[in-house]
2 protein chains.
Amino acid sequence: MSKGRVLSIQSHVAFGYVGGKAAVFPLQCLGFDVDVVNTVNFSNHTGYGRFGGSRTTAEELSQMFRALEENGLLKPSRLLTGYIAGAEALTTVAGLASKLRQRDPQLIYVLDPVLGDAGKLYVAPECVPIYQSMLPLATVITPNWFEVEVLTKINIVDMTSLKGALRVLHEQYGVPNIIISSMILKPWLKEALPDHIRPSNAEQDRADYLLCLCSTSSNTENPDDLSMVHAYAIPCVPGYFSGVGDLFSAMVLAHLEPTVSPADLEQLGTGQTPLSYATSMAVTKTHAVLSVTYEYSQSLPEDERLPTDDEKDKEDPERKIRRMKGRELRLVQAQDIIRSTSIEECRRMEPWTTFWKL
Amino acid sequence: MSKGRVLSIQSHVAFGYVGGKAAVFPLQCLGFDVDVVNTVNFSNHTGYGRFGGSRTTAEELSQMFRALEENGLLKPSRLLTGYIAGAEALTTVAGLASKLRQRDPQLIYVLDPVLGDAGKLYVAPECVPIYQSMLPLATVITPNWFEVEVLTKINIVDMTSLKGALRVLHEQYGVPNIIISSMILKPWLKEALPDHIRPSNAEQDRADYLLCLCSTSSNTENPDDLSMVHAYAIPCVPGYFSGVGDLFSAMVLAHLEPTVSPADLEQLGTGQTPLSYATSMAVTKTHAVLSVTYEYSQSLPEDERLPTDDEKDKEDPERKIRRMKGRELRLVQAQDIIRSTSIEECRRMEPWTTFWKL
């Protein structure tokens, strides 16, 4: 069992599972040697309100990359980048990614452009153009809705703007594969979905849904289409959990085999692409880990599973801390899920063949 | 599957498997949540000759510990400390260990007093008294032969001095459990071994052996004895491999159950203690991973499996780097060994009942 070598560049926390702590162990479980460069070394994720530790400077990152290079240790077959603290450090990582891409056109690079969420940037604005410059290097990008808007400068308010944003990413920035893993099912989006992807009314009564959408321009069946789009509506797990996106991106990296044969993809169903396969596996495993975590958090004493409430949190910061702790991903306890190779209960990304015609 | 929470404080390298990289993944595989505090962040282990990155300062460690404490995240059931860079940082860690010990007398603390090897200190001399002050806090210590000598100030040259050194550790420093995992089988030691532990002449012709010895003062069968001693002669794997001690200490931590019932211990054979059981499992798994690594290193092209030769290394530093790279522990590939719960092919620590009478 030797799947190759991943270079993972993202944040590190002592306690809990975000950034590298959410990505590295799952990748190791799946057989990858992982080279781990920590862009911050914090006690815990910043959502707790209080944290200690330090950011790795651009100079320290450069020293590390230089030593790896001089020692002949900089030959990953896959690259994963997540949260990087500050424009200077990001520039250093961009330089490394560019060098690795030039050296190895086969490099599988999953770029999670961590910029912000829900309308709020949580990096310096100078980071945006740097991430834009990195997009052409990526094999796959995994932005959230807000990050797509920031990167493309397009407000996504309808199918036209959604298609426009994907077009900018595919054409202007040359990104072959895009995954937007949790789009809010706004009315216009729900309406546009084909029946086989849209949750039924009965399903929607029971739970909220998020849409996972992936788009690959590298193999289109219809020459008129810019890309092949797949989508899947995921039932929401209530509450906010940190590190989910980091786990998801790692699972995409682990399951993406760009050269997999069509016959192998057929196992999952017709009309699948390497990207939709990797996304299906990532959605399945991430959702299963999240469900285990949710069930655990619900089993805790009442004061450790307090619902999110910003006002009450403000009055009592400990309230938030107890909630955060109870919602750390149960990665270690759910490692058999990560390791599973079964596709029987797979959440399958379905072809959305009419996407570009809408 | 929830085994509890380990706080691991040791070095981090981006590439390869020493320090935390050799300990954390195996502990996670065995079901432990691991809180990971990195005492250095280097590109690779220093044996490569070239490395980049930085040490975590005492101030940064303090900040991290303080934030963990204030967030109520400092409640490990087990503590593992390994290489710590510099006397100031070590003092900070000693303070933390003392606090955790005071707070929880049941805390299982495996202390690897990383001082040096083969007659050479590789930490500042100021670290020695700090490590001595930490000894009373430990549940188990895992020094090598040289570290025992430095900590006890006793030159181990015969059974009398060996017994004297163990006496100092058990009595003067109050350490309940001591493991010395790879003692060179000098003639006086070989001679002193009981027949059922000493490798036969035929075995000694086929391989060199190292002795793993453990000594527990917490449950002695004979009130005249200071401790119960167990030992096992391990066939040597040729060559030097880094991170082996770090993996070993982690496996001791994982398998030590101080309150295990005598009936459960009986499964492994008569006369076993919780310490000898944990040591047996650690020896078995570490040796198996090392064997997998050795076989892999032997399968490499000739210039990546060059034998250790200091003179040739000096002429050509790349020679050493290629060798180091080929000898990184195959932890990810051997993860099923780590996860195994079988005791059938266990390398069993045998009671050395005459030890204190020699």
Report yes or no: does Gln28(A) contribute a side-chain atom to a donor-acceptor pair with the main-chain N or O of Cys29(B) at less than 3.5 Å?
no
Checked Gln63(A), Met64(A), Lys325(A), Glu328(A) vs chain B; the most non-hydrogen pairs under 4.5 Å come from Met64(A)
- Item | Over 12 foreign heavy atoms within 6.0 Å of CZ, Arg55(B) | no
- For the pair Glu318(B) (side chain) and Gly72(A) (backbone), establish whether a donor and an acceptor sit closer than 3.5 Å, ignoring hydrogens and angles. no
Within 6.0 angstrom of Glu70(A) CD, more than 12 heavy atoms from elsewhere: yes
Residue from Arg66(A), Met324(A), Glu59(A), Lys21(A) scoring the most non-hydrogen pairs under 4.5 Å with chain B is Lys21(A)
Exercise. Got Asn38(A) and His12(B) here, is their nearest side-chain heavy-atom distance under 4.5 Å?
Worked result: yes
Test side chain to side chain contact (heavy atoms under 4.5 Å, CB included), reference Asn41(A), set Val36(B), Asn41(B), Leu61(B), Thr56(B), output is Asn41(B)
Answer key: most heavy-atom pairs under 4.5 Å with chain B among Gly49(A), Ser8(A), Ala67(A) is Ala67(A)
Return yes when atom CZ of Arg5(B) has more than 12 non-hydrogen atoms of other residues, nucleotides or ligands closer than 6.0 Å, and no otherwise. yes
Most contact-rich option vs chain B, by heavy-atom pairs under 4.5 angstrom, among Val34(A), Leu73(A), Val37(A), is Leu73(A)
**Study point:** 4.5 Å side-chain heavy-atom contact, Asp33(A) and Tyr17(B)
**Key:** yes
Worksheet item: Within the distance-only criterion (no hydrogens, no angle test), does the side chain of Asn71(B) pair as donor or acceptor with the backbone N or O of Arg50(A) below 3.5 angstrom?
Response: yes
When the 4.5 angstrom heavy-atom criterion is applied to Leu68(A) and chain B, the contacting part is both
In this structure, CZ of Phe42(B) is separated from CD of Glu60(A) (nearest 0.5 Å) by 10.5 Å
